[in-house]
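The structure presented is a predicted model; accordingly, all values stated were derived computationally and were not measured.
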Amino acid sequence: MSNNWKIVDDKASSTMHDFEVQKEITGILFNKKENVGANNSMVYEIEIGDEIFGVWGTSILDQKMSKVEVGDEVKITYNGKKVSEKTKRTYKDFTVQHRKVETAPELDTTDLPF
């Protein structure tokens with residue numbers, strides 16, 4: 001059993017990831033928070049090692065992250081700004097990849113001699 005307990009609270013993550021500085025973030029999706037900040041945005045908390053980083057949601061990112069479950073490993077790559085052919089508005093584009101985290105099977109302790 002792990003001793004690395006983390007406290008879950010309603011505050012935004014202390015460290016927000018900046019895709020303008022680092023185009024990619026990879027880790028375990030720790031939490032999805034709704035209605036955060038003045039714009040009632042989504043914040044995705046991603047655990048990397050012993051730290052948790054927040055990622056602000058956007059319309060495109062929220063749509064893609066809706067398919068990712070808490071506990072999945074996720075990789076979000078910022079593809080830069082694009083222009084919508086339909087609306088001619090600029091938006092931030094992302095590629096989202098995810099996979100289930102392999103966990104060790106539970107040990108059967110019923111036949112142990114102690």
Side-chain angles (χ1 to χ4, degrees):
M1 182 180 268
S2 172
N3 290 331
N4 299 329
W5 293 97
K6 293 179 178 51
I7 296 174
V8 178
D9 60 24
D10 292 333
K11 298 175 187 169
S13 302
S14 58
T15 305
M16 298 303 286
H17 183 78
D18 184 352
F19 285 105
E20 297 294 334
V21 174
Q22 187 175 2
K23 302 289 184 200
E24 187 175 285
I25 186 169
T26 303
I28 304 299
L29 182 60
F30 178 74
N31 194 13
K32 294 181 180 182
K33 292 185 175 180
E34 298 179 19
N35 301 319
V36 178
N39 295 321
N40 295 320
S41 299
M42 291 291 296
V43 171
Y44 303 99
E45 293 184 317
I46 299 175
E47 181 178 11
I48 303 171
D50 291 337
E51 293 188 65
I52 296 177
F53 295 87
V55 173
W56 285 106
T58 66
S59 295
I60 298 295
L61 189 56
D62 292 347
Q63 181 182 20
K64 293 179 179 184
M65 288 296 289
S66 69
K67 297 173 176 70
V68 181
E69 295 179 17
V70 169
D72 285 358
E73 184 175 15
V74 65
K75 179 179 181 180
I76 303 171
T77 306
Y78 176 55
N79 301 320
K81 293 181 180 178
K82 307 279 171 106
V83 177
S84 168
E85 292 180 21
K86 185 176 179 181
T87 66
K88 305 298 183 215
R89 294 176 63 186
T90 302
Y91 65 94
K92 292 181 178 181
D93 186 40
F94 297 90
T95 299
V96 175
Q97 298 169 282
H98 68 104
R99 61 183 171 193
K100 298 288 178 209
V101 174
E102 302 270 335
T103 57
E106 290 287 324
L107 295 176
D108 183 6
T109 58
T110 55
D111 293 330
L112 292 177
F114 52 87

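- Cluster annotation: Phe53 and Val68 are assigned to the same hydrophobic cluster (Ile/Leu/Val/Met/Phe/Trp/Tyr, side-chain heavy-atom contacts under 4.5 Å, transitive).
- Applying side chain to side chain contact (heavy atoms under 4.5 Å, CB included) to Val55 and the options Leu61, Asp18, Val43 leaves one that passes, Leu61.
- Phe94 contributes atom CZ, which lies 11.5 Å from atom NZ of Lys82 (distance to the nearest 0.5 angstrom).
- We find that Lys100 and Glu73 are not joined by a salt bridge, their nearest charged nitrogen and carboxylate oxygen being 4.0 Å or further apart.
- Side-chain atoms of Lys88 do not come within 3.5 Å of backbone N or O of Val83 as any donor-acceptor pair.
- Considering every non-hydrogen atom in both Thr77 and Glu24, the closest pair reads OG1-OE1, 3.3 Å.
- Across Met65 and Lys32, no two heavy atoms sit closer than the pair O-NZ, 3.0 Å.
- Cluster annotation: Tyr78 and Ile25 are assigned to the same hydrophobic cluster (Ile/Leu/Val/Met/Phe/Trp/Tyr, side-chain heavy-atom contacts under 4.5 Å, transitive).
- Under a 3.5 Å cut-off, the side chain of Ser66 and the backbone N or O of Gln63 do form a donor-acceptor pair.
- Within a 6.0 Å radius of CG in Asn39, no more than 12 heavy atoms belonging to other residues, nucleotides or ligands are found.
- Atom CD1 of Ile46 sits about 13.0 Å away from atom CD of Glu51, to the nearest 0.5 Å.
- Side chain of Lys23 to backbone of Ile76: no donor-acceptor contact under 3.5 angstrom is found.
- Asn79 and Asp93 form a side-chain donor-acceptor contact under 3.5 Å, judged by distance and modelled atom types alone.
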Next item on the list: Show your working on side chain to side chain contact (heavy atoms under 4.5 Å, CB included) between His17 and Gln22 and close with a plain yes or no.
Entry: CA-CA 8 Å; His17 183 78; Gln22 187 175 2; 3.8 Å; yes

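- Cluster membership check: Leu29 shares its hydrophobic cluster with Val96, using side-chain heavy-atom separations under 4.5 Å among Ile, Leu, Val, Met, Phe, Trp and Tyr.
- Counted by atom type alone, Asn31 and Tyr44 present zero donor-acceptor pairs between their side chains at under 3.5 Å.
- Transitive grouping of hydrophobic side chains (ILVMFWY, heavy atoms separated by less than 4.5 Å) keeps Phe19 and Tyr91 in distinct clusters.
- Taking OG of Ser59 as the start and NZ of Lys64 as the end, the distance is 12.0 Å to the nearest 0.5 Å.
- Closest approach of Glu45 and Ile52 over heavy atoms only: CB-CG2, 3.7 Å.
- Side chain of Asp72 to backbone of Val74: no donor-acceptor contact under 3.5 angstrom is found.
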